[in-house]
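Shown next, in structure tokens, is the structure this report addresses.
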Amino acid sequence: MKPSNSKRKRGRKPTTPVAETMDLQLPSSSLAADEAQVLPADSSPQPTSRLSRGRPRKTRRHSIPNEDVASADGKLPPSSLKRGPQHIFASNGERADLVMVTAAGEPLPRWDQVVKAVPSMDAVVKVFCVHTEPNFSLPWQRKRQYSSSSSGFIIGGRRVLTNAHSVEHYTQVKLKKRGSDTKYLATVLAIGTECDIAMLTVNDDEFWEGVSPVEFGSLPALQDAVTVVGYPIGGDTISVTSGVVSRMEILSYVHGSTELLGLQIDAAINSGNSGGPALNDKGKCVGIAFQSLKHEDVENIGYVIPTPVILHFINDYEKSSEYTGFPILGIEWQKMENPDLRKAMGMMPDQKGVRVRRVEPTAPESEFLKQSDIILSFDGVDIANDGTVPFRHGERIGFSYLVSQKYTGETALIKVLRNAKVHEFNIRLATHKKLVPAHIKGRPPSYYIIAGFVFTAISVPYLRSEYGKDYEYDAPVKLLEKHLHAMAQSPDEQLVVVSQVLVADINIGYEDIVNTQVVAFNGKPVKNLKSLANMVESCTDEFLQFDLEYEQIVVLQAKTAKAATPDILTTHCIPSAISADLKS
């Protein structure tokens, strides 16, 4: 579901900050409550660090008039707590414990008490993963494997949560507990690409001994303190950092290429912090660290996956024994903030909503919704003219949040205004089928080769592999237009291109064709890569003619092309002319 203000991505590269996923941790955590100043007993206070010219300022020394400080009743008054090397004794001559207090006079917890108060840290594990990514340029093989480390945490049911990008294209995953020297082999149960969450388990019973699972807390409010725990870059041991919730809204999930509810915290997330829990002051998990904002003008902006998204992922897996995804409305919509536009669409003064611009042909909504329908409410919740709905006290949020709270296959009651009449539809919700998919869900890329022409299907990972992370600015305009605006007309439709031409005598003159869409073969439209391969293999015509975009054509003699293919495969050490998934 996309609003109408989607911007064209071609042209000069942006100078705005870009969110990136990170595989390590966050900023520093403070144990002080209220406005207390905690001073160690064996050191003197340090002046504020400043850069200045001239003679350095003298710091005022704090001293205790008498070495034995005690009140008449034998208790230490808060005002008597000064820093220094002296020992402190009660009036009976016995040595007293140093008690640090807040500005309100309440004692601060001792360090050993603090450690006991945060048992959730023992449930945080370090995730070691070996990745083997597909090679989209040479789809018959994979890239060189590499290793990464990130964070995760234990939840109920002998399960571990981490980020999906932490185990993407995994070959092997291992987990190590805090204070342990043993790495345990893990099994990946589910990967939620859209929400960037993965669920793991360990078969070894020893791994689960002596560890209490992390419990989930409610959605935090703005300015609530959060502590992020994990294994970021800069060391091997666990790291604890802190911040506050500074923003809560629908965020763009970089890895999932989707938009879901997210928390912004005023703490940097470093490489390796991904997958670590964000804990509230009661030690309960309120989110998972997963990405941060990187820019020269930005500091300490990290993002956390909140509990509603996490619990949706867990419940989805428990209900279906697999991850089915987050449903969306298969529409593009327009805001109705202009009064003349509302009047022209037949809206009454008390009616609010958003206009349907386009409906995905493959979406269930296409049976009910039409262009220029005004969506007034979703499941009984009224939608404002800017597309927002009430969220919490004093807050509003995009109505896509209501859709994301549903599960695939569930129904929703949608009220629409059509031709000045109100209609209600019970619509079954489903996941989105994009013409250019955001992920290939761990499968190797499909390909087909004939006479040195390598045909494949376009996906976002393919574009990123070919043109880098700035593919939305560097890829060909035609492909970007299809990626950003085109809609699939059928569930199995794909965007098929000539990826490259493996040079041989038979394809002389065609060597420069790269990433060019195939529109038709011998006059028949190309629906997907499998249909193209079947048409070519079963062709009995004298020539093979491929109609490409920009009215370009490729013509090959059929018998010669098929006879030359095996030698080309041998020259380039390609095991098969067709990927395994297209053979079935």
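This chain uses plain numbering: 1 for the first residue, then up along the sequence. On a predicted model such as this, the values are computed, not experimentally measured, just so you know.
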Query raised in the report: Below 4.5 Å, heavy atoms only, C-beta onward: do L260 and C195 meet side chain to side chain?
Result: yes

Query raised in the report: Are side-chain heavy atoms of R355 and Q371 found at a separation under 4.5 Å?
Result: yes

Requested in this report: Over 60° means perpendicular and under 30° means parallel, so classify the ring planes of Y471 and H483, tilted if in between.
Outcome: tilted

Query - Salt bridge K319-E410, side-chain N to carboxylate O under 4.0 Å - result: yes

Query - L185 vs D204 side-chain heavy atoms within contact, under 4.5 Å - result: no

Requested in this report: Calculate, to the nearest 0.5 Å, the distance between atoms CG and CG belonging to L463 and D474 respectively.
Outcome: 11.0 Å

Requested in this report: Not counting sequence neighbours, which residues clear salt bridge (charged side-chain N to carboxylate O under 4.0 Å, His left out) with R443? List them please.
Outcome: none

Requested in this report: Using atom types as modelled and distance alone, determine if a side-chain donor or acceptor of T162 lies under 3.5 Å from a backbone N or O of S151.
Outcome: yes

Query raised in the report: Are the side chains of E365 and F425 in touch, meaning some heavy atoms are under 4.5 Å apart?
Result: no

Report summary line: Sorted by chain and number, sequence neighbours left out, ring pair (Phe, Tyr, Trp, His ring centres under 6.0 Å) with Y317 holds for none

Query raised in the report: Can you tell if the side chain of F399 reaches within under 4.5 Å of the side chain of V354, non-hydrogen atoms only?
Result: yes

Requested in this report: Identify the heavy atoms of R158 and N203 that sit nearest to each other, and give their distance.
Outcome: NH2-O, 3.8 Å

Requested in this report: Please list all pairs passing the ring-ring contact (aromatic ring centres under 6.0 Å, His included) test where one or both residues lie in residues 500-519, with sequence neighbours left out.
Outcome: F453-Y510

**Report entry** side-chain contact (heavy atoms from CB on, under 4.5 Å) partners for N135, two or more places apart
**Finding:** S137, L138, Q141, K143

Report task. Could you tell me the separation between the CD atom of Q264 and the CD1 atom of I301, rounded to the nearest 0.5 Å? Result -> 5.0 Å

Query raised in the report: Roughly how far, to the nearest 0.5 Å, is the CE atom of M535 from the NZ atom of K524?
Result: 7.0 Å

Query raised in the report: Taking only residues two or more places apart in sequence or in another chain, which ones pass ring pair (Phe, Tyr, Trp, His ring centres under 6.0 Å) with F128?
Result: none

Query raised in the report: Is it true that E318 and R159 make a salt bridge, defined as a side-chain N closer than 4.0 Å to a carboxylate O?
Result: yes

Report task. Can you establish whether the number of heavy atoms outside D505 located under 6.0 Å from its atom CG is more than 12? Result -> no

Query raised in the report: In terms of heavy-atom contacts, does CG of D236 have more than 12 from other residues, nucleotides or ligands at under 6.0 Å?
Result: no

Query raised in the report: Quick one: are T324 and T431 in side-chain contact, heavy atoms under 4.5 Å?
Result: no

Query - Q145, CD atom: more than 12 neighbouring heavy atoms under 6.0 Å - result: no

Query - Interatomic spacing from CD1 in I288 to CD1 in I197 - rounded to 0.5 Å - result: 4.5 Å

Report summary line: Value for CG (D567) from NE2 (H572), rounded to nearest 0.5 Å, stands at 11.0 Å

Query raised in the report: How are the rings of H312 and Y407 set relative to one another: parallel (under 30°), tilted (30 to 60°) or perpendicular (over 60°)?
Result: parallel

Report task. For the residue pair S499 and Y447, establish whether any side-chain heavy-atom pair is separated by less than 4.5 Å. Result -> no

Query raised in the report: Does a sphere of radius 6.0 Å around NZ in K527 hold more than 12 heavy atoms from other residues, nucleotides or ligands, not counting ones at 6.0 Å or beyond?
Result: no

Query raised in the report: Just wondering, do T456 and V497 contact through their side chains at under 4.5 Å, heavy atoms?
Result: yes

Report task. Go through the structure and list residues passing side-chain contact (heavy atoms from CB on, under 4.5 Å) with E493, not counting sequence neighbours. Result -> L435, A488, Q489, S490

Query raised in the report: Nearest 0.5 Å, what's the CG-CD1 distance between N507 and I450?
Result: 11.0 Å

